[in-house]
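Throughout, residue positions are numbered sequentially from 1 according to the sequence presented.
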Amino acid sequence: MTDKEYSDAIRQFHKETNRHILVIETDLLEPDTRKAFAVSDRLRKAGNELVAVMRKNLHQLMRTKRYRKLRFLYGNAKDKDLKKSYAKQLAEMQATYNVTWDFCRKSMIPIAKKYNVNAVFGLTKAEDVWHGVEKCLYGNGKALHFAKYGDYPALRAKQTKRGIPVHAKNGELRLKLDKTTFGVKLKSNDRFQQDELDSVLKYMQNPDNEDMFALNEWLNTGKIVDIYRPCYATLVPKKIRGRYRVFLHLCIEGEAMPKFDRYGNLRHKYGAGTIGADIGTQTVAYTSETKVGLKNLAERGQSIAKSERQERILYRAMDRFRRATNPQNYNDDGTIKKGKKVWHYSKRYKKLKYRHAELCRKNAENRRFANNEDANYLRSLGDVFITEPKNASKLAKKAKKTTVNEKTGKFNKKKRFGKSIKNRCPGYFQAKVQQLFESTGGLYIEVPNNYRASQYDHTADDYIKKKLSQRMFKLTDGTEVQRDWYSSFLLYCYSFENSDINKSKCIAEFPKQIVREKALIEEIKAKKIKVLNSGIKIAA
């Protein structure tokens, strides 16, 4: 094999392999940590300047009638050749108005020099800005947004030899930012971090030998060997409890190492079987071959409601202070005046803002941990996950139509499920479940929109429309069921042949699963667990 053939083959092998991220805190000293934050803030300013340039060009492009007409014609075209013609014209217009990746990349070069930002960091920031432009061009994006003061973007260098060089020295992982060399701080008794780091250091001792061995295995047997090659490093600045801390996000080639508990047993076990799950705005109901469940999302213990209430109380207090110190910015009816305004903030307001931000950070971490734990538990029940399509982002939007309440004659609020989705994160939970099942050899299935699990009644073999407020209802044979759980049961009875409800499976499995559902409801009542919007009444 010639050198060119080897380089092409190893490049192709790297494309086929998986990636994962290892998160470890760095051991940067306080002065060096502040330097990293300063670099991040300069990168934020450079990114905002590039956003201003691309935002102006994008606005000029979008306001032209010809471009809007071409987008409409492209979306409605059925013929492939016609679609290609419209796509070519759209690309030409984008190039004319300088809405291209090449223009975005080149525009960042002088901006990065102006703010004394490393060219590699500037390039990755330009990529982030361009992703936002692409979302506006081809996705559901509305506009490009600026990063506000206090936001610290990550310092990402998509190379191991530039920006943040990674090397091994005396059996330790060492990194470099500008002229500062630093390492990492491992958590005490964290076996996962140690195993990952040992694997990376093992590769870095003999990278050529490791690459050659993995390449030969792939060419001869088609098997991909995890070599744990460090791809690139990212430094993520965070302010936690008033302290400035910098975390290393190391992108590593290969599957993540398995996690073990303190007794040496695997922390996460993967089950086999089918799971049907109905993911709502605040709860998840599931049915598997061995267990059924109904629980609130993003809940670890009973403290989440108290934390959410404290968040609201602090925000209301901030609003009172803000109105008291800035009366000139408000109308008589309490609404904010239009136009440019100058805001003054008191010391008490700043203290409340810090407390509110810290509480929001803690609550967000708790939600993430809780949803990850629930996803891992579901993976332990089975390897085939069946649910309805994602719709959290749609439910979070306000209603478009203005309606009037028949009883009071007042306008109904247009708010829908925004607060519930913010507090429970159903979209993140569903995305996490999909990623977990697909990465561990399982199967994730979203049923078609005409499945209508919430409306079907298997005892009548018919679809019966129900109000959203009707959480408990009786089937035609008189059996009372909880609506969310019954939807999960119908998803569990999914037919792989025609992507519809398997009626024979419903009849065969229902007697066994309804007993589990009744026992679950009795347990919820006995333990006085408040399941949101479930219709299960708890005795006082």
Side-chain angles (χ1 to χ4, degrees), residues 11-12 14-15 19 40-148 151 153-159 162-163 231-232 234 251 389-394 396-398 400 427 431:
R11 190 180 296 111
Q12 186 61 33
H14 291 324
K15 288 181 180 179
R19 302 281 190 278
S40 177
D41 195 52
R42 294 202 304 271
L43 183 62
R44 177 188 67 86
K45 294 176 182 177
N48 281 348
E49 195 161 319
L50 182 62
V51 165
V53 173
M54 298 306 298
R55 188 172 178 169
K56 180 180 178 182
N57 293 351
L58 185 64
H59 176 70
Q60 292 294 330
L61 175 66
M62 288 293 189
R63 69 194 292 270
T64 57
K65 291 183 179 179
R66 181 168 177 262
Y67 186 79
R68 295 200 301 271
K69 182 68 174 177
L70 283 170
R71 287 184 68 178
F72 174 78
L73 293 172
Y74 176 83
N76 291 291
K78 300 290 177 68
D79 185 59
K80 289 184 178 179
D81 295 332
L82 198 60
K83 256 189 178 315
K84 284 182 181 179
S85 174
Y86 290 140
K88 186 179 179 182
Q89 293 179 63
L90 287 168
E92 289 173 354
M93 285 200 69
Q94 289 169 12
T96 303
Y97 283 85
N98 291 326
V99 185
T100 61
W101 160 239
D102 195 51
F103 177 81
C104 182
R105 177 183 62 82
K106 289 180 179 178
S107 298
M108 189 58 167
I109 295 171
I111 296 173
K113 288 180 180 178
K114 174 183 173 182
Y115 287 97
N116 192 24
V117 172
N118 190 299
V120 178
F121 298 151
L123 178 63
T124 53
K125 188 63 181 176
E127 286 181 0
D128 294 341
V129 174
W130 178 246
H131 287 324
V133 175
E134 284 185 318
K135 198 170 182 181
C136 295
L137 288 173
Y138 312 118
N140 58 355
K142 301 295 182 184
L144 292 176
H145 298 283
F146 297 99
K148 66 182 181 216
D151 289 345
L155 305 175
R156 187 171 69 254
K158 287 193 173 180
Q159 302 172 32
R162 293 180 62 199
C231 303
Y232 60 88
T234 304
C251 181
K390 302 179 185 72
N391 64 343
S393 59
K394 296 175 185 176
K397 294 178 181 177
K398 290 185 178 181
K400 292 183 179 179

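With values rounded to the nearest 0.5 angstrom, Leu58 atom CG is found 12.0 Å from Asn98 atom CG. Note that CG of Leu90 and OH of Tyr138 are 8.0 Å apart. Values are rounded to the nearest 0.5 Å. A distance of 10.5 Å separates CZ of Arg162 from CZ of Phe121, quoted to the nearest 0.5 Å. Here Tyr74 contributes atom OH and Leu70 contributes atom CG; the two are 12.0 Å apart, rounded to the nearest 0.5 Å. Expressed to the nearest 0.5 Å, how far NZ of Lys83 lies from OG of Ser85 amounts to 12.0 Å. Between Arg105 atom CZ and Leu50 atom CG the span is 12.0 Å, to the nearest 0.5 Å.
Cys231 pairs with exactly one of Lys158, Gln159, Arg19 by the side chain to side chain contact (heavy atoms under 4.5 Å, CB included) rule, that one being Arg19. In summary, of the residues considered (Thr234, Thr124, Asp128), a side chain to side chain donor-acceptor pair (under 3.5 Å) with Arg156 occurs for Asp128 alone.
When the shell of 6.0 Å around CZ of Phe72 is examined, it contains 12 or fewer heavy atoms from other residues, nucleotides or ligands. Surrounding NZ of Lys390 are more than 12 heavy atoms belonging to other residues, nucleotides or ligands, all under 6.0 Å away.
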- Report the C-alpha separation of Lys135 and Leu144 in whole Å, then their side-chain angles, then the decisive distance to 0.1 Å, and conclude whether the side chain to side chain contact (heavy atoms under 4.5 Å, CB included) test is met. CA-CA 9 Å; Lys135 198 170 182 181; Leu144 292 176; over 6 Å; no

- Message: Pair Met62, Arg71 - check side chain to side chain contact (heavy atoms under 4.5 Å, CB included), show working.
- Response: CA-CA 10 Å; Met62 288 293 189; Arg71 287 184 68 178; 3.1 Å; yes

- Task: Would you sort out whether His145 and Val51 count as a side chain to side chain contact (heavy atoms under 4.5 Å, CB included), showing the intermediate values?
- Result: CA-CA 7 Å; His145 298 283; Val51 165; over 6 Å; no

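For the pair Lys45/Lys114, no side-chain contact is recorded, criterion being any heavy-atom separation below 4.5 Å from C-beta on. Counting only heavy atoms from C-beta outward, the side chains of Asn57 and Val133 never approach each other to under 4.5 Å. Between Phe146 and Arg44 there is no side-chain heavy-atom pair separated by less than 4.5 Å.
In plain terms, the two heavy atoms of Gln60 and Tyr97 that are nearest each other are O-CE2, 3.8 Å. The heavy-atom pair separating Leu61 from Thr64 by the smallest distance is O-OG1, 2.6 Å. In terms of heavy-atom proximity, Ile111 sits nearest to Ala46 at CG2-O, 3.6 Å. Shortest non-hydrogen contact noted between Val99 and Trp130 is O-CH2, 3.5 Å. Annotation for Lys125 and Pro153: closest pair NZ-CB, 4.0 Å, computed over non-hydrogen atoms. Looking at every heavy atom in both residues, Cys104 comes nearest to Ala126 through SG-O, 3.6 Å.
Arg42 contributes no side-chain N or O that, together with a main-chain N or O of Val117, makes up a donor-acceptor pair within less than 3.5 Å.
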